[in-house]
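The block underneath contains the structure these notes are about, expressed in structure tokens.
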Amino acid sequence: MDKPNADARQTDNGLHRFRILRALRPPLAAVVFTALLASCASFGPYHGNTADQPYNSVRGAKDGRYKLAFIEFGDQGSAMDNSQIKAALEMIHQAERPVLFVYIHGWQNNANSGDVCRFEHFLDTISRFPVATGRNANVIGVYIAWRGRDLTFPGLNLLTFYSRKAVAGAIASQVSCLATINELALAARDPSKKVHHCILLGHSFGGLLLGNLISHSILDASGVGSRNVNPWDMAVTFNSADSSISTRQLMKELDYLYRYDPARHAYVSRSSSEENETAVPENRPFLVFLQSENDSATGKFFPIGTEFYNVLGLRYHWQKVPVPGHHGEKISEREFYTHTPGNNPYLVNYHVVPLGDTNPPPGIKATENRALEVNLLQNHPDYSFYTSEHNDGHENRFCKNGNYNPDEARPATGREEWRRWQFVYSGNARVPCWIVRVPKEIIYEHGGLWSDNSVAMLAALFRIQFPLPAKGELATPPLLRAPKTPEF
């Protein structure tokens with residue numbers, strides 16, 4: 001008699017709990033839906049211009065030592081506010097000696113995130129150095145923004161990896177972003193300018209975007225077989241979060257067009273009729289990939305994420321493709337799909353190797369990140385360079401709550417650690433595209449591109465590509481001309 005009563009009580013309790021859950025279901029769904037809506041990032045533009053504020057998208061230091069402009073793009077690759085492009089171009093046209101940095105941010109960032117502050121800190125750092133102030137250089141930055149962050153709720157934002165990666169690829173495949181970068185570069189490299197340089201930078205998914213944008217431009221061809229030159233001077237990606245599919249294809253095509261001539265230290269045309277006129281100096285690659293050796297985001301999680309995507313998409317069949325510079329060796333294209341360029345052992349062709357501790361050279365005028373000045377003021381015929389700081393993230397203290405104060409005093413760290421390093425060719429295809437592995441002492445993890453040592457290395461890379469002439473004056477680098485189809 002006791003057992004049926006116990007069973008009845010259990011049944012009643014179960015029905016009671018079910019009724020409670022059913023009653024809570026609509027409010028719970030509403031809460032979840034409300035949380036998702038609240039965590040959606042604003043679509044923008046964050047720095048739109050108006051009739052009353054036609055230059056709201058431009059800012060900088062009060063004394064004008066640097067300026068920063070924003071250009072924002074939507075998910076389909078269209079500019080959100082065309083007046084932002086107009087304002088940026090006007091800013092460049094007004095500068096007599098522009099040194100232009102065009103930067104494309106990565107995942108989890110947008111035109112209103114902390115990455116803006118770090119880029120502005122970089123511009124301010126460059127503008128304060130004697131090498132810039134002594135030549136009255138106009139340091140200009142253009143922050144190319146897109147919706148790298150569309151969910152802000154902690155945890156949920158990590159679920160946007162595939163959607164944001166797809167958006168970066170979509171923007172790269174459209175016309176507007178590349179056309180805008182071309183216009184910015186052409187404005188900065190106006191022949192009437194006394195000094196003109198244009199450096200393109202991209203990070204993470206921004207590196208994906210930049211790499212895919214300009215890879216097509218590098219191989220652009222006219223109807224008569226000749227190839228157009230790029231209007232920018234230098235392009236660098238940091239910890240690119242792209243598969244190495246397109247990079248392998250780019251390197252394969254460059255290997256088809258060029259052969260390396262060790263006597264001339266140049267990449268020369270495989271077409272014998274154009275060998276002299278289309279030689280590209282070894283120190284002037286079209287595109288440089290810099291990859292931190294301890295970047296877990298692209299080194300560990302990117303392969304896991306892409307393999308998971310392969311399983312979901314039932315992608316099991318891969319063709320074998322040739323490895324650039326490996327004399328016909330073919331491997332599964334899966335190896336390129338699941339690894340980023342800087343983490344692909346089949347493509348990496350340069351390493352930054354340590355040469356040991358050293359003393360600071362004499363005559364340095366700068367008081368902070370002094371290796372940056374040294375790297376800019378001397379040539380590097382052996383591709384060696386200096387760093388001078390502990391890579392401890394101390395530069396982040398200038399970015400408080402995402403806001404940057406250009407008037408804040410920035411004393412030296414008092415913890416200098418001078419070391420020398422060298423870019424060393426390490427195998428694989430020797431083409432005008434460098435894929436470089438960089439120690440963690442220079443770029444720490446995925447987001448360490450704005451560290452003092454990383455910036456010092458970027459300065460050295462710039463000077464390697466554009467050496468100072470005998471008199472030490474900044475010279476306009478000659479345009480490069482790519483060759484016609486080889487005459488097999």
Side-chain angles (χ1 to χ4, degrees), residues 214-215 218-219 226-227 229-230 233-237 244 247-291 322-331 341-342 344-356 375 378-386 420-439 457-458 460-470 475 477-488:
I214 69 174
S215 291
I218 289 171
L219 298 173
S226 61
R227 286 171 169 80
V229 295
N230 304 315
D233 296 307
M234 175 176 155
V236 182
T237 76
S244 50
T247 308
R248 183 204 69 83
Q249 294 176 8
L250 172 63
M251 295 182 74
K252 174 181 172 295
E253 292 304 315
L254 292 176
D255 193 42
Y256 164 70
L257 293 172
Y258 297 96
R259 62 178 178 83
Y260 179 70
D261 185 345
R264 298 170 60 183
H265 299 285
Y267 313 101
V268 300
S269 172
R270 291 188 183 275
S271 175
S272 57
S273 64
E274 287 193 320
E275 182 174 318
N276 293 324
E277 58 185 294
T278 60
V280 175
E282 180 183 19
N283 60 307
R284 293 190 62 188
F286 297 130
L287 178 59
V288 177
F289 293 85
L290 298 176
Q291 176 64 56
V323 179
H326 279 236
H327 308 291
E329 177 188 0
K330 291 186 176 183
I331 63 171
N344 193 315
Y346 293 98
L347 298 181
V348 172
N349 53 8
Y350 277 86
H351 282 80
V352 172
V353 300
L355 299 181
N375 291 338
Q378 61 181 249
N379 291 329
H380 310 272
D382 62 348
Y383 296 177
S384 67
F385 63 95
Y386 292 92
R420 287 184 68 236
W421 309 84
Q422 188 176 35
F423 291 97
V424 177
Y425 172 70
S426 55
N428 293 333
R430 200 159 195 176
V431 295
C433 175
W434 290 11
I435 303 182
V436 189
R437 297 279 290 178
V438 181
M457 178 182 63
L458 181 64
L461 191 60
F462 175 83
R463 185 55 65 223
I464 287 171
Q465 294 205 29
F466 307 107
L468 290 167
L479 293 175
L480 300 177
R481 180 171 176 268
K484 297 179 181 179
T485 301
E487 297 173 352
F488 288 128

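FYI, side chains are in, hydrogens and waters are out, and symmetry mates aren't considered; it's all heavy atoms of this structure. Note that the numbering runs from 1 along the sequence shown for the chain.
Taking every heavy atom of both residues into account, Leu250 and Cys433 meet most closely at CD2-SG, 4.3 Å. Scanning all heavy atoms of the two residues, the minimum distance from Pro322 to Lys252 falls at CG-CE, 3.9 Å. Across all their heavy atoms, Gln378 and Arg463 have their closest contact at O-CG, 3.0 Å. Across every non-hydrogen atom of Ile214 and Leu287, the tightest pair is CD1-CD1, 3.6 Å. Nearest heavy atom pair, residue Ala279 against residue Val268, reads CB-CG1, 3.9 Å. In terms of heavy atoms, His380 sits closest to Ala460 at CD2-O, 4.0 Å.
Side-chain contact between Tyr383 and Ile464 is present, with at least one heavy-atom pair separated by less than 4.5 Å. Using a 4.5 Å heavy-atom threshold, the side chains of Tyr346 and Ser244 count as separate. Between Gln465 and Pro285, some side-chain heavy-atom pair lies under the 4.5 Å cut-off. Side-chain contact between Val280 and Phe286 is present, with heavy atoms from C-beta onward closer than 4.5 Å. Side-chain contact between Tyr256 and Arg270 is absent, with no heavy-atom pair separated by less than 4.5 Å.
The closest donor-acceptor contact from the side chain of Asn349 to the backbone of Trp434 lies at 3.5 Å or more, if one exists at all. Without hydrogens or angle criteria, Arg248 side chain to Pro341 main chain gives no donor-acceptor distance under 3.5 Å. Side chain of Asn375 to backbone of Tyr386: a donor-acceptor contact under 3.5 angstrom is found.
Every residue two or more places apart in sequence or in another chain that forms a side-chain hydrogen bond (donor to acceptor under 3.5 Å, both in side chains) with Glu329 is listed here: His326. Scanning for side-chain hydrogen bond (donor to acceptor under 3.5 Å, both in side chains) contacts around Tyr260 gives Glu282, with sequence neighbours left out. Under the side-chain hydrogen bond (donor to acceptor under 3.5 Å, both in side chains) criterion, Asp382 pairs with Ser384, not counting sequence neighbours.
The aromatic rings of Tyr267 and Tyr258 sit perpendicular to each other, their planes meeting at more than 60°, with 30° as the lower class boundary. Ring-plane geometry between Tyr350 and Tyr425 is classed as perpendicular, the angle between the planes exceeding 60 degrees on a 0 to 90 degree scale with a lower cut at 30.
In this structure, CD1 on Ile218 lies 6.5 Å from CG on Leu254, to the nearest 0.5 angstrom. Rounded to the nearest 0.5 angstrom, Phe385 CZ and Leu461 CG are separated by 8.5 Å. Atom CZ in Arg259 sits 13.0 Å away from atom CG in Leu257 (nearest 0.5 Å). One distance of note links OG of Ser215 with CD of Glu253; it measures 11.0 Å at 0.5 Å rounding. Here the CG-CE distance, from Asn428 to Met251, works out to 7.0 Å after rounding to the nearest 0.5 Å. The line from CG of Asn344 to CD of Gln291 is 11.0 Å long, rounded to the nearest 0.5 Å.
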